[in-house]
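Structure, as structure tokens:
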Amino acid sequence: MIVSPKIRGFICITSHPDGCAANVQEQIDYVKSQPKVENGPKNVLVIGSSAGYGLASRIVPAFSSGANTLGLFFEKPGSEKRTGSAGWYNTAAFEKAAAAEGLFAKSLNGDAFSHDLKKQAIDIIKSDMGKIDLVVYSLASPRRTDPDTGETYSSVLKTTGGEYTNKTLNTDKGEVSEVTIGAATDEEIENTIKVMGGEDWELWMNALADADVLADGVKTVAYSYIGPELTWPIYTDGTIGQAKKDLEKSCAKLNDKLSALNGSAYVSVNKALVTQASSAIPVVPLYISILYKEMKAKGLHEGCIEQIQRLFSDRLYADDPQLDEAGRIRIDDWEMRDDIQAAVAESWKKISNENFADLADFQGYQDEFLRLFGFGIDGVDYDAETDPETAPASLS
């Protein structure tokens, strides 16, 4: 079929197999253009591996360190009549590229919160990989079913300190407006922590340790975000932020647990980027549009692949991971530079529909959003037919 983008709100309901493949290949080419990650991982499990930071966390160790990878995700396959999700096609392209270089790459599609998928992953590790020396936890989901109780929890995007009103961006219309976000109840906060906190990360690491599939010196990393004060009410001090604080508590527990294996656990605070998750958060798309303009002007802009390449080369596998006072890795360091944040704050005060085009890089935001789904990528013939039933080799 011929596939074009169909956007509803903050999601694109179509994706392009060839465009996704081109996007993955561009990321692989970038990694190959960089120096190899010295002493990088060899057997990697990525939980949430099909898009964004998770996908980049699979590409970097594979093509910079020759790592075997097992990726887990929950994605929709394509059919004769409709396209699959972008993550499905991203994985198909990754597995094909990895196979061409003789790299082991298998994937599992299902509920990563479940005991069953944990067991399936452990079985593959035991039979095909050997012990895991890096576990990346990059799961993003709006809901989670507790594998022991069967109860399903849903996360919310709310404040924890009363109503909050600020500027936001209507990404459909490209207009600046105001948004008011309500305060979460105690139950909503707890539910968000159950979905997005560290409990499942701990369950994964405990299951892997109990199965004796973690290597000596194993590392594990989960991803977080802090951002500037103007986004704190909806993010860092909001329900998501409460979940991320729980993630940091889990990190401390895992560090203690992994000490027996000379291992370590980290939370990496990453840069604000256009992802399917960030597009859904009020205020954040406008902030990202302004941020992109300022960082591009100073030659500091990075996408997911550049961020994760730097995480691996300069932090995780460097002599000094450069932890902050809370023990976190900060590869949001360029975003949070004083000069960048001062410029963003000044633009934020002044921005309106009249000067929006001058103060923000909305075109860059839109381009990145479409790229998530395989659209707007150079070299792809979008007028030609593509195969919506393209699938990862290990799941075909």
Side-chain angles (χ1 to χ4, degrees), residues 7-12 48 51-54 86 138-144 153-185 188-189 191-197 222-247 267-293 295 303-304 307 332 335-336 341 344-345 347-348 351 356 360-362 364-366 368-373:
I7 298 172
R8 291 182 184 168
F10 56 83
I11 196 76
C12 183
Y53 280 122
S138 183
L139 209 57
S141 174
R143 64 190 60 85
R144 172 180 175 234
Y153 300 89
S154 295
S155 62
V156 296
L157 293 166
K158 292 186 177 181
T159 74
T160 58
E163 284 192 348
Y164 167 67
T165 299
N166 208 331
K167 297 173 184 177
T168 194
L169 174 63
N170 182 320
T171 54
D172 287 341
K173 299 177 180 179
E175 293 178 354
V176 178
S177 59
E178 273 198 347
V179 63
T180 297
I181 301 109
T185 64
E188 287 175 323
I189 294 169
N191 288 353
T192 303
I193 291 172
K194 285 287 286 188
V195 177
M196 303 179 70
Y223 296 141
S224 187
Y225 181 67
I226 295 176
E229 287 190 32
L230 69 89
T231 66
W232 283 5
I234 187 58
Y235 199 98
T236 299
D237 293 336
T239 50
I240 303 177
Q242 299 308 305
K244 296 303 185 183
K245 289 172 186 174
D246 185 75
L247 191 76
V267 167
S268 176
V269 181
N270 300 356
K271 176 195 174 192
L273 288 173
V274 181
T275 64
Q276 292 185 47
S278 68
S279 299
I281 305 173
V283 180
V284 170
L286 180 59
Y287 167 72
I288 289 176
S289 297
I290 298 172
L291 178 72
Y292 272 26
K293 187 174 186 68
M295 293 194 77
C304 285
Q307 277 266 287
D332 65 340
E335 171 187 355
M336 299 309 298
Q341 286 303 316
V344 169
S347 292
W348 187 272
I351 200 162
F356 177 56
D361 180 21
F362 184 51
Y365 182 97
Q366 288 180 306
E368 285 300 309
F369 179 80
L370 287 172
R371 287 177 69 87
L372 295 175
F373 305 94

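Inter-residue side-chain proximity for M336 and K271 is flagged as unmet; no heavy-atom pair is nearer than 4.5 Å. V344 places none of its side-chain heavy atoms less than 4.5 Å from the side chain of S347. A 4.5 Å side-chain heavy-atom check between S289 and D361 finds every atom pair outside the cut-off. Side-chain atoms of L286 and F362, non-hydrogen and from C-beta on, never get closer than 4.5 Å to each other. Looking at heavy atoms from C-beta onward, L370 lies in side-chain contact with I7 at the 4.5 angstrom threshold.
Checked against side-chain hydrogen bond (donor to acceptor under 3.5 Å, both in side chains), K194 has the following partners two or more places apart in sequence or in another chain: D146, E199. For the side-chain hydrogen bond (donor to acceptor under 3.5 Å, both in side chains) test, residues two or more places apart in sequence or in another chain that qualify with S268 are N270. Partners of T180 according to the side chain to side chain contact (heavy atoms under 4.5 Å, CB included) rule, which considers only residues two or more places apart in sequence or in another chain, are E163, T165. By the side-chain hydrogen bond (donor to acceptor under 3.5 Å, both in side chains) test, Y235 is found to be paired with no residue, residues two or more places apart in sequence or in another chain being considered. Remark: E368 pairs with V274, Y292, R371 by the side chain to side chain contact (heavy atoms under 4.5 Å, CB included) rule, at least two apart or across chains.
When all heavy atoms of S155 and S141 are compared, the pair lying nearest together is OG-O, 4.1 Å. Across V267 and S224, no two heavy atoms sit closer than the pair CG1-CB, 3.6 Å. Between I181 and K158, the closest heavy-atom pair is CG2-CA, 3.8 Å. Here the shortest heavy-atom pairing between T171 and P285 reads CG2-CB, 4.0 Å. Among all heavy-atom pairs drawn from M295 and E335, the shortest one is CE-N, 3.6 Å. When every heavy atom of A360 is checked against every heavy atom of K293, the shortest pair comes out as N-CD, 3.7 Å.
In this structure, OG1 in T231 is found 10.5 Å from CG in L291, a value given to the nearest 0.5 Å. How far OH of Y225 is from CG of L273: 9.0 Å, rounded to the nearest 0.5 Å. Between the CD1 atom in I234 and the OG1 atom in T160 there is a gap of 9.5 Å [rounded to 0.5 Å].
Atom CD of E175 has more than 12 heavy atoms from other residues, nucleotides or ligands within 6.0 Å.
Side-chain atoms of Y223 and Q307 form no donor-acceptor pair, as typed in the model, at a separation below 3.5 Å.
Judged by distance alone, the side chain of K167 and the main-chain N or O of W348 form a donor-acceptor pair under 3.5 Å.
Here salt bridge (Lys or Arg N to Asp or Glu O under 4.0 Å) pairs that include residues 232-246, with residues two or more places apart or in two chains, number zero.
If you run side chain to side chain contact (heavy atoms under 4.5 Å, CB included) between I240 and each of I281, I193, V195, only I281 comes through. None of L169, N166, V179 except one satisfies the side chain to side chain contact (heavy atoms under 4.5 Å, CB included) rule with P282; the exception is V179.
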